[in-house]
Protein chains: 2
Amino acid sequence: MREINECKNINGMGNRGDERIARLVRLAARGFNRSLQIRLKTQNVTFGQWIFLRILWQEDGLSQRELSERAHLTEPTAHAALTRMEELGYVERRNIAGNKRRQHAYLTPRGWELRDQIEPLAIEANDIAVVGLNTEERDILRKALTAIIQNLEKDEADAARRGVRVPPTKGNPAA
Amino acid sequence: MREINECKNINGMGNRGDERIARLVRLAARGFNRSLQIRLKTQNVTFGQWIFLRILWQEDGLSQRELSERAHLTEPTAHAALTRMEELGYVERRNIAGNKRRQHAYLTPRGWELRDQIEPLAIEANDIAVVGLNTEERDILRKALTAIIQNLEKDEADAARRGVRVPPTKGNPAA
DNA sequence: ACACAAAACTTAGATCACGAAGATTATAAC
DNA sequence: GTTATAATCTTCGTGATCTAAGTTTTGTGT
């Protein structure tokens with residue numbers, strides 16, 4: 001058994017304190033995802049589907065674009081999830097008001113049914129994660145994360161203004 | 001233009017405080033990744049490659065398994081990254097001590113070269129992220145994230161022990 | 001009315017990550 | 001020594017996510 005040596009670099013070189021935060025955030029995010037995924041699997045719902053189901057339970061009938069905005073995800077991601085959920089019979093996509101462009105997603109009875117089964121699971125996973133943290137700590141955690149998110153968004157916006165953006169994944173013959 | 005509408009759900013129903021932490025953590029993790037990716041791209045290195053390069057700069061010659069453990073990633077992930085990095089000429093894989101099973105990865109001169117170009121970029125991205133947080137807040141942030149990671153790891157271990165299927169809130173492991 | 005811009009959805013291709021299962025090789029048991 | 005077990009790497013398929021680019025539809029300006 002190989003023991004992951006977490007302490008190794010606390011005072012070591014090359015590992016600035018700041019860097020550890022990025023790592024901790026990534027690990028925590030992965031933990032959240034996995035913990036929830038394990039639970040969702042029992043209901044045959046994937047993590048990506050849950051994200052959109054959760055939004056639709058609160059606002060049924062949103063368009064794909066609106067859904068992607070609510071979820072903070074791009075349209076292709078929303079598209080893939082919605083297509084799959086339509087196949088699974090959780091949602092149905094329709095046009096309304098004679099608009100042939102906009103596709104609104106509506107939950108089916110099956111989609112509504114899932115709510116009672118799934119929501120408790122999500123709440124449970126989230127409760128477990130913050131065990132042992134008091135109110136003040138949770139507040140600071142929220143505040144700190146919010147600040148980080150804003151700092152990084154600003155950084156990305158600055159970069160974009162200079163013409164630098166997240167590297168393309170398509171047609172990148174450079175590598 | 002992606003306008004992140006953060007305020008929308010603050011008072012909305014169905015959005016427990018705890019749940020927001022999971023979301024904030026995910027968004028922060030994504031921010032870190034994107035911010036770093038933008039910078040790494042200038043040196044033609046992907047995020048996944050950086051993770052392993054970073055480890056090798058400190059411990060050259062690790063095996064694939066050791067690398068995957070250091071990185072907290074699985075072996076297929078390490079395998080893909082190493083294969084690509086070998087193609088790119090950043091590392092070289094060799095057997096040592098007559099062991100034909102274990103594959104040790106060694107940085108090439110090119111791999112070492114990247115260090116000076118890339119490390120400052122990572123440090124910069126991380127510095128930017130925590131602007132505006134004082135020492136105490138950073139400490140609590142670290143402590144809270146560490147606790148969350150451990151809580152979720154324990155949760156996952158418990159689930160695995162029970163057969164990977166875990167709904168304590170209800171007795172319906174259907175599907 | 002017609003051309004053009006903007007909006008909305010789709011498709012394509014890449015990266016990163018994972019689990020499951022296959023293939024080798026090393027080590028332990030007998 | 002032969003067989004069983006464990007370690008290690010590899011292959012395969014899936015999913016989530018992204019950027020870029022294509023298609024169709026709607027709306028606007030002249």
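Labels below follow one simple rule: chain letters A, B, ... track the order of the sequence lines, proteins then strands, and each chain is numbered from 1.
Contact check on A:R84 versus A:E86 returns no salt bridge, with no Lys/Arg side-chain nitrogen under 4.0 Å from an Asp/Glu carboxylate oxygen. By the 4.0 Å N-to-carboxylate-O rule, A:D158 lies close enough to A:K154 to be salt-bridged with it. Between B:E113 and B:R115 there is no salt bridge, since no side-chain N of the basic residue sits under 4.0 Å from a carboxylate O of the acidic one.
Using a 4.0 Å heavy-atom distance criterion, A:R84 is classed as making no nucleic acid contact. Nucleic acid contact for B:T77: base, since at least one base atom lies under 4.0 Å from a heavy atom of the residue. Among the atoms of the strands shown, base atoms are found under 4.0 Å from some heavy atom of B:Q64.
Side chain of A:R101, nearest nucleotide from C:dT15, C:dA6, D:dT10: C:dA6. Minimum atom distance to the side chain of A:R65 is reached by C:dA8, of the listed C:dA20, C:dA8, D:dC18. Among D:dT17, C:dG19, C:dA17, the nucleotide with an atom closest to any side-chain atom of B:L73 is C:dA17.
Mapped onto DNA chain D by nearest heavy atom, B:E75 and A:I51 fall at different nucleotides, with B:E75 at the one closer to the 5' end. Place A:N99 and B:S63 on DNA chain D by their nearest nucleotides, and B:S63 ends up nearer the 5' end.
Between the C1' atom of C:dA8 and the CD1 atom of A:I96 lies a distance of 13 Å, rounded to the nearest Å. Atom-to-atom, CZ of A:F52 to P of C:dC9 comes out at 12 Å; the value is rounded to the nearest Å. We find that CH2 of A:W50 is positioned 13 Å from P of D:dA16, with the value rounded to whole Å. Distance A:K41 NZ to D:dT14 C1': 12 Å, rounded to the nearest Å. Distance CG (B:N33) to C1' (D:dT17): 11 Å, rounded to an integer number of Å. Here C:dC18 presents its C1' atom at 11 Å from CD of B:E156, a figure rounded to the nearest Å. In this structure, CD of B:E66 is placed 8 Å from P of D:dT8, rounded to the nearest angstrom. Taking atom CG of A:N95 as the reference point, atom C1' of C:dT10 lies 14 Å away to the nearest angstrom.
Contact between the side-chain N/O atoms of A:T74 and the OP1/OP2 oxygens of D:dT17 is not found at any separation under 4.0 Å. Side-chain nitrogen and oxygen atoms of A:R34 include none within less than 4.0 Å of the OP1 or OP2 phosphate oxygen of D:dG15. In terms of phosphate contacts, A:H79 brings no side-chain nitrogen or oxygen within less than 4.0 Å of OP1 or OP2 of C:dC9. Between B:R102 and D:dT8 there is a side-chain polar atom (N or O) within less than 4.0 angstrom of OP1 or OP2. Contact annotation: A:R30 side-chain N/O to C:dC18 OP1/OP2 distance is under 4.0 Å.
The closest donor-acceptor contact from the side chain of A:R142 to the backbone of A:E137 lies at 3.5 Å or more, if one exists at all. Side chain of B:T77 to backbone of B:L73: no donor-acceptor contact under 3.5 angstrom is found.
For B:R93 and B:Y106, the positive end is not near the middle of the six-membered ring at less than 6.0 Å and at most 45° from its axis.
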